[in-house]
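A note on names: the letters A, B, ... follow the listed sequences, proteins ahead of strands, and every chain is numbered from 1. Computed from a prediction, not measured in an experiment: that's the story for all the values here.
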Amino acid sequence: MNDNIQSSLIEAMKILVDNAINNTHFTTSQVGLVKQVSGFDCTVELLGSDTECKILEHLQTKIRQGDIVIVQDLYNDNTTKYVQSKIGEAIP
Amino acid sequence: MSIIMNADIQKSLIEAINIVAGERLKNVNFTKSFTGIVREVNGLTCIVEILDSNTECIIPHNLSSFIGKDDIVIVQDIQNTNRQRIVQGVISSINKDMFHIYDTVTDTVVSSVEQLWDEDLQMVIDVVLEIGD
């Protein structure tokens, strides 16, 4: 096989594999900063953009503005994100 | 020398890659999440209805007082092995009225209760809560 075909094959494989990974519904996690809390919902800054997240019942009274939290995207599709735990507080 | 692949070979190559990638991904130990309804609580395990089938799940110690029947919970299969499913927490309940016990000293929710239980009589007690001035 010549080099051109080989490299386009590898390119094609990368695209297919990336695509397959993007379509899996595994849970992904991120760390973010709580901007606002309202009831069982809150706004968390994740990688520079504000995202709406659910707060679990047992964490509701523990999550406040300025907290650093772990947020999980349940199905890796940006539809259902919730605050999994609080790991710290931002220095005021 | 140059080789021009025909469409059939290209197609089956793409298909083969998809199959191999899909199989590999099935065996990756990522965490997988589900939401379900708690049907029964037995100590530190509970039965959760997930996608129409009942699954036994583990309740972490720190959550034991928060999980009750009819709660809607997030459950995670932490290793994607279908063996250990852990309850992460409650996001809602199919009962409309939720009753939380709130500790004003420590400023925390201690427990969520939908039903009171009498240990001596071994039965559910119905109470009417009246909030006065």
Legend entry - Contact origin within A12(A) toward chain B - heavy atom pairs under 4.5 Å: neither

Inset, instruction - Measure I74(B) against the heavy atoms of chain A and call it side chain, backbone, both or neither at under 4.5 Å. - result: side chain

Legend entry - I21(A) versus chain B, the contacting section by heavy-atom distance below 4.5 Å: both

Inset, instruction - Check the pair F26(A) / N80(B) against side-chain contact (heavy atoms from CB on, under 4.5 Å), numbers first and verdict last. - result: CA-CA 9 Å; F26(A) 291 119; N80(B) 195 27; 3.2 Å; yes

Inset, instruction - For Q84(A) and Q88(B), run side chain to side chain donor-acceptor pair (under 3.5 Å): C-alpha distance rounded to whole Å, both residues' side-chain angles, the deciding distance at 0.1 Å, then the answer. - result: CA-CA 8 Å; Q84(A) 198 250 352; Q88(B) 292 291 311; 3.2 Å; yes

Inset, instruction - Rounded to the nearest 0.5 Å, what's the gap from CG on D41(A) to CD on E52(A)? Could you check? - result: 6.0 Å

Inset, instruction - Please assess Q72(A) against S33(B) for the test side chain to side chain donor-acceptor pair (under 3.5 Å), listing each intermediate value before the final yes or no. - result: CA-CA 10 Å; Q72(A) 293 192 327; S33(B) 302; 5.1 Å; no

Legend entry - chain A contacts, top residue of V20(B), V28(B), T35(B), I91(B) (heavy-atom pairs, under 4.5 Å): T35(B)

